[in-house]
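First the proteins, then the strands, lettered A, B, ... as listed; each starts at 1. Predicted model only: the values in this text are computed from it and were never measured.
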Amino acid sequence: MTDSPSGRSAALPKAYLPAEFETAIYERWLTADVFAPDGAGSRADPSKPPFTIVQPPPNVTGALHIGHALTADLEDVMIRRARMLRRPTLWLPGLDHASIGAQVVLDKLIAAEGESRASLGRERYLERMNAFVEETRETILRQSRRFGSSLDWSRTRFTMDEVSSKAVRTAFTRLYREDLAYRTEALINWCPGCRTSVSDLEVLPTPESGTLWTIRYHLLDADGRPDPALTISVATTRPETILGDVAVAVHPDDPRYAAVVGRQVLVPFVDRPVPIIADAVVQRDFGTGALKITPAHDPEDHATGSRHGLAPITVMDDDASLNAAAGPYAGLDRYAARQRILADLEAAGDLVEAKPHEMLIGRCQRSNDVIEPRLKTQWFIRTKPLAARALEATRTGQTTILPGRFVKVWEHWLTEIRDWNISRQLWWGHRIPAWYCPDGHVTVSDQVGGPSACEACGRPSAELVQDDDIFDTWFSSGLWPFSTLGWPDETADLRRFYPGTVMETGYDIIFFWVARMMMLGIHFLDEAPFETVYLHGLVRAGSGAKMSKTVGNVVDPLEAIDEIGADALRFALIHGISPGNDQKFSRDKLESARNFGNKLWNAARFVLGARPPSIPADAGRVPPDPDHLGPSERWLRSRMAATVAAVDTAMDDFAFGEATRLLYDMTWSAYCDWGLEFAKVRLSDAGLPETDREATWWALVEVLDGLLRLLHPFLPYLTEAIWAATPHGPDDPELLIVADWPDPEAWSQLADGGSERAVDRVRDLISEVRNARSIAKIVAAERRPGDVLVPPDLAATFAELAPAIGRMARLEPLVAHTERVAFLAAERPGSLAVIAGELEARIAAGAADPAADLAERARLERELADAERHLAAARGRLANEAFTAKAPPAVVEGARTSAAELAEQVARLTLRLRG
RNA sequence: GGGCGGUUAGCUCAGUCGGUCAGAGCGCCUCGCUUACACCGAGGAUGUCGGGGGUUCGAGUCCCUCACCGCCCACCA
């Protein structure tokens with residue numbers, strides 16, 4: 001890149017090569033120390049409110065994927081704009097230890113080495129994990145830099161570092177003391193593969209074609225012996241849980257079973273007499289209307305069991321094999337046991353029916369194992385009171401969720417929330433700071449070394465045993481917005497940056513993470529952790545499918561950066577998206593984004609190379625002298641003023657896809673296609689005063705400068721590279737990253753509706769002439785004499801732009817007429833007529849081409865038909881009294897003018913074709 | 001079972017308060033190496049805005065309903 005310290009008006013290399021520029025520019029940002037809120041190079045205004053983004057810390061488990069890239073880009077866009085608005089910005093990098101995710105990954109790694117968690121043991125396993133994490137950590141942080149993320153590296157945090165650990169201990173201890181954390185035996189979701197419990201959110205209901213079996217239970221007679229004649233049939237999809245049955249339930253109002261309620265049945269194979277109970281939970285029309293009750297292995301049965309005071313019987317072990325309570329089936333895996341039991345029932349003649357049954361099976365989000373509901377003594381968080389305050393925060397507007405449609409699911413989830421099981425039987429994570437004494441007393445302590453004695457009986461710490469379990473990863477993630485600021489200590493950062501401004505993440509972790517941060521943040525700090533929750537959509541493969549490594553349809557963001565550049569990736573990910581909606585990502589988008597960057601680069605190259613010699617190469621940027629501008633420059637500045645305002649608003653509204661669309665149009669369609677093309681003519685017009693040429697150039701520089709600023713959040717490297725070569729103003733810093741965001745108010749001074757309308761009419765004329773030439777198959781490069789009829793109000797503008805019109809429409813020489821008579825008199829046979837609004841042009845005849853003539857005629861006919869149709873519609877509306885009476889006056893007025901214009905156009909076209 | 005998205009050009013998608021909104025990019029067709037850019041320029045074609053009702057002077061836009069696709073939540077064994 002251009003490395004001269006002043007770097008003003010330097011020439012840009014022919015091509016922008018990401019590989020050469022990106023690393024160097026990132027280094028310059030780092031050296032300038034602009035990322036931290038108080039960095040030496042930061043130009044933050046301390047009197048302005050800080051702008052803080054809470055970033056979802058990526059898991060330490062591996063490389064970053066395209067979803068991380070989108071997250072990073074959106075956040076970087078916001079933080080860069082805030083920085084340019086001179087707000088002190090805090091965007092803090094972090095990593096999550098992801099206990100279960102990390103263990104799944106590491107288990108696979110060590111399995112390849114012939115080791116396992118069991119063979120290594122807790123201590124060696126954790127050493128191994130630390131080594132692994134040390135590596136991936138560096139990879140991930142390096143990748144974040146490749147994205148261009150302007151993170152405050154001085155504040156990098158990890159959910160397992162000392163500060164976070166202290167926050168976790170403190171948070172849990174407080175919750176315990178407030179009776180918001182409790183330990184109890186309850187039915188939890190057990191993953192036999194991961195050998196841990198998981199939260200409700202980590203259980204994925206998966207459709208499966210199973211079987212519904214009908215099984216006959218024998219009632220006991222008065223002597224307690226099975227009655228061969230009297231049976232009751234129950235329907236089940238899980239015959240292996242028969243062994244844990246404690247009752248058979250029927251609906252209280254079911255006449256079929258009224259007589260048997262209260263009698264006993266014998267549980268097959270284990271020969272346990274259990275009662276027939278009546279409970280409204282039973283659906284009479286499902287299966288046989290009789291339901292077996294297995295409280296230890298089914299959540300609903302558990303509830304039913306407790307209602308009837310029935311003790312659960314656990315028949316399965318942690319590995320999902322049947323235990324001693326399963327009698328003859330002890331030791332068998334759950335599915336092997338199922339087959340054996342079915343065979344045995346069949347043999348006994350008690351298997352009545354087996355029919356296919358579509359159902360949902362809970363599977364582990366991580367391992368895909370079928371989740372087994374099991375009874376375990378574990379820690380839970382009482383979520384209702386916490387959720388109530390989170391709901392209050394969104395209802396009162398303390399926190400806004402965007403897009404708004406997510407409020408509904410938010411409300412629903414937090415209203416129906418159940419207590420949160422936070423115990424995990426894993427090794428990698430924060431160990432639960434609870435100690436148990438031999439008498440069963442519990443002592444919870446936030447001290448690093450644990451309690452000195454049992455809280456209840458005073459037994460010394462040596463006799464206490466710490467809970468083996470660790471916390472659900474999301475518990476420490478839930479503390480992230482404030483643990484990263486030093487909580488529980490009253491740090492300066494905490495005072496200054498809590499609550500944060502924006503929490504940005506994918507909608508898929510709204511419950512896992514956002515809800516937990518809200519609940520815990522409000523609880524511990526009495527204030528919601530952020531003003532706005534902005535949820536983005538998921539990045540999908542071009543086919544619409546979820547990207548997955550096994551399917552092989554992933555786009556690796558780092559590969560994309562290597563190949564096409566970080567700016568292109570960033571732009572591609574954001575361009576055209578809308579909040580909360582998924583996007584399909586493809587190569588095409590990347591290429592389109594790269595082309596846009598290339599366009600901007602070349603436009604800048606042109607401008608820098610077109611500097612009038614009268615302006616010194618190192619001249620500081622000054623505003624153009626308005627008295628020496630042509631209409632096209634006034635048009636360009638006016639368009640830019642509108643763009644600045646629109647982009648600014650879009651950014652405020654989190655409409656980033658809209659912002660890039662506006663900038664794309666302004667840069668390509670307005671600045672390059674017209675602005676530069678018009679300006680070329682003026683800049684090379686030796687007949688113009690030097691001051692005019694200078695003003696024209698400064699106008700180009702001015703708008704380019706504004707575009708670079710607006711585009712910087714999206715294309716940080718490219719814009720920084722160009723900016724280094726452009727003239728700077730007296731108040732400008734060395735680096736664009738800390739330059740001021742364009743002020744819509746200031747730009748609005750340049751709005752010039754008159755110039756816009758006038759130049760737009762001229763642009764129309766040029767387009768129409770080009771169109772006519774194209775149809776007439778006139779070679780593009782060929783110059784033809786032309787005549788134009790110019791309405792009086794446009795005469796001045798036209799005169800100024802005439803050289804450009806001549807060049808752009810290839811009408812040379814060009815004669816302008818203000819009188820129709822003169823215009824008509826100048827006509828020669830065979831010439832081509834062009835109509836563009838009230839402007840008319842004529843292209844001198846070349847070699848006669850009847851086919852082209854016919855084509856042109858056909859086109860005019862089409863145009864006439866169109867105009868007539870629109871005219872009829874407009875007149876119809878105006879004739880409608882209801883319309884003129886009820887529509888707003890402005891709309892009616894608009895219809896009148898458009899009708900008048902259309903009428904004029906129809907008349908002209910008719911004259912042309914028929915007259 | 002409940003809820004939420006989506007359905008607009010061949011493809012990917014914008015479209016705010018109902019009123020020049022029938023749009024963009026890519027692709028396609030025809031020209032063109034005009035001294036910023038072929039990662040380009042000029043021009044062109046393509047639509048019952050998923051179907052059906054309704055509200056309104058006026059509906060991709062609001063309401064109802066149906067269809068299909070996707071997602072989230074949920075204790076019919």
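- Ring pair A/Phe21/A/Trp601: centre-to-centre distance below 6.0 Å.
- The side-chain contact (heavy atoms from CB on, under 4.5 Å) search around A/Ala699 returns A/Pro624, A/Leu629, A/Glu633, not counting sequence neighbours.
- Residue side chain A/Glu677 reaches the base of B/A36 through a donor-acceptor N/O pair under 3.5 Å, judged by distance alone.
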Dot-bracket assigned to RNA chain B with the 3.5 Å Watson-Crick/G-U criterion, [ ] for crossing and | for other-strand pairs, is (((((((..((((.....[...)))).(((((.......))))).....(((((..]....))))))))))))....
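- Partners of A/Ala809 under the side-chain contact (heavy atoms from CB on, under 4.5 Å) rule, at least two apart in sequence or in another chain, are A/Ile766, A/Val769, A/Leu811.
- In B/G60 the base sits syn relative to the sugar, since the glycosidic angle is no further than 90° from 0.
- RNA chain B lies under 4.0 Å from no heavy atom of any residue of residues 241-250 of chain A.
- A sub-4.0 Å separation between OP1 or OP2 of B/C37 and a side-chain N or O of A/Lys14 is present.
- A close approach under 4.0 Å does occur between a side-chain nitrogen or oxygen of A/Lys680 and OP1 or OP2 of B/A36.
- Listed pair A/His412 / B/G2 fails the phosphate criterion, with no side-chain N or O lying under 4.0 Å from OP1 or OP2.
- For A/Arg810, the side-chain contact (heavy atoms from CB on, under 4.5 Å) test picks out A/Arg773, A/Ala781, A/Arg783, with sequence neighbours left out.
- In terms of phosphate contacts, A/Asn581 brings a side-chain nitrogen or oxygen within less than 4.0 Å of OP1 or OP2 of B/A14.
- For the pair A/Ile722 and A/Thr726, the minimum side-chain heavy-atom distance is below 4.5 Å.
- Not one side-chain nitrogen or oxygen of A/Thr236 sits closer than 4.0 Å to the OP1 or OP2 atom of B/A77.
- Contact between the side-chain N/O atoms of A/Asn880 and the OP1/OP2 oxygens of B/G58 is not found at any separation under 4.0 Å.
- Contact check, A/Lys408 against B/C4: a side-chain N or O comes under 4.0 Å of OP1 or OP2.
- A/Phe596 and A/Trp668 have parallel rings, their planes meeting at less than 30° on a 0 to 90° scale where 60° marks the start of perpendicular.
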Run A/Asp279 and A/His251 through side chain to side chain donor-acceptor pair (under 3.5 Å) and show every step you take. CA-CA 5 Å; A/Asp279 195 296; A/His251 195 276; over 6 Å; no
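- Note on A/Asn595: every side-chain N or O is 4.0 Å or more away from OP1 and OP2 of B/C37.
- The local environment of CZ in A/Arg757 is sparse, with at most 12 non-hydrogen atoms from other residues, nucleotides or ligands closer than 6.0 Å.
- Contacts with RNA chain B (heavy atom under 4.0 Å) in residues 582-594 of chain A: A/Lys584, A/Asp588, A/Lys589, A/Ser592, A/Arg594, listed by number.
- Phosphate proximity of B/C40 to A/Trp601: absent, as no side-chain N or O sits under 4.0 Å from OP1 or OP2.
- Ring centers of A/His536 and A/Tyr507: at least 6.0 Å apart, outside the cut-off.
- Ring orientation note: the planes of A/Phe286 and A/His357 are nearly perpendicular, at an angle over 60° on the 30°/60° scale.
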